[in-house]
Amino acid sequence: GDLMNENEDGETISFAIVVGDEVAGTITFGLRDDRPVVKRQIAAFLSDPKIIECTGTEGIRYGWKWDGQNFINPQA
């Protein structure tokens with residue numbers, strides 16, 4: 001099935017977070033929200049993202065890289 005579900009009114013877009021074959025949760029965004037961060041998050045969810053736990057890693061933000069083991073600050 002499609003992981004993206006646009007509301008019939010066209011005002012929201014929802015995603016199911018699937019682990020294996022089970023739905024672990026959902027997240028919904030308002031399509032009228034023009035903030036760049038929301039647009040980036042919607043684009044990220046549409047791209048079949050990898051979710052990585054990052055507790056204890058300070059300052060991770062847009063533009064950082066993941067090398068398979070560590071988050072890399074592009075400014076460092």
Side-chain angles (χ1 to χ4, degrees):
D2 191 356
L3 295 183
M4 179 186 76
N5 178 26
E6 185 173 327
N7 190 327
E8 289 180 14
D9 62 13
E11 292 187 15
T12 61
I13 187 169
S14 298
F15 299 90
I17 301 163
V18 179
V19 179
D21 63 353
E22 294 187 24
V23 175
T26 61
I27 188 167
T28 300
F29 297 96
L31 291 173
R32 294 183 181 193
D33 190 332
D34 286 333
R35 291 178 295 166
V37 66
V38 173
K39 299 296 184 189
R40 271 197 315 268
Q41 289 172 341
I42 290 171
F45 273 93
L46 287 169
S47 72
D48 193 21
K50 180 174 190 149
I51 309 299
I52 302 165
E53 195 262 332
C54 62
T55 304
T57 306
E58 297 293 320
I60 295 174
R61 54 187 338 134
Y62 179 69
W64 281 48
K65 304 291 182 191
W66 172 250
D67 70 3
Q69 291 189 319
N70 299 292
F71 291 98
I72 309 298
N73 181 346
Q75 305 299 320

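Each residue takes its place number in the sequence, starting with 1. This structure is a prediction, so every number in the text was calculated from the model and none was measured.
Using the six-membered ring where Trp is involved, Phe15 and Phe29 have ring planes that are perpendicular, over 60° apart on the 30 and 60° scheme.
Note that the CD1 atom of Ile27 and the CD1 atom of Ile42 stand 9.5 Å from one another [nearest 0.5 Å]. Taking CD1 of Ile17 as the reference point, atom CZ of Phe45 lies at 5.5 Å (rounded to 0.5 Å). Here the straight-line distance linking atom CG of Asn73 with atom CG of Asn70 works out to 12.5 Å at 0.5 Å rounding. The NZ atom of Lys65 sits 13.5 Å away from atom CD1 of Ile60, with the distance rounded to the nearest 0.5 Å.
Linking Ile, Leu, Val, Met, Phe, Trp and Tyr residues whenever their side-chain heavy atoms come within less than 4.5 Å leaves Val19 and Ile51 in two separate clusters. A continuous path of hydrophobic side-chain contacts links Leu46 to Val38 [ILVMFWY only; heavy atoms under 4.5 Å]. Cluster annotation: Ile72 is not connected to Trp64 through the hydrophobic network of ILVMFWY side chains, with a link wherever side-chain heavy atoms come within less than 4.5 Å.
Across every non-hydrogen atom of Ala16 and Thr26, the tightest pair is CA-CG2, 4.2 Å. Nearest approach of Pro74 to Gly63, heavy atoms of both residues: CG-O, 3.4 Å. Annotation for Ala44 and Pro49: closest pair O-CD, 3.3 Å, computed over non-hydrogen atoms. Scanning all heavy atoms of the two residues, the minimum distance from Thr12 to Leu31 falls at O-CD1, 3.7 Å.
Between Ile52 and Phe71, some side-chain heavy-atom pair lies under the 4.5 Å cut-off.
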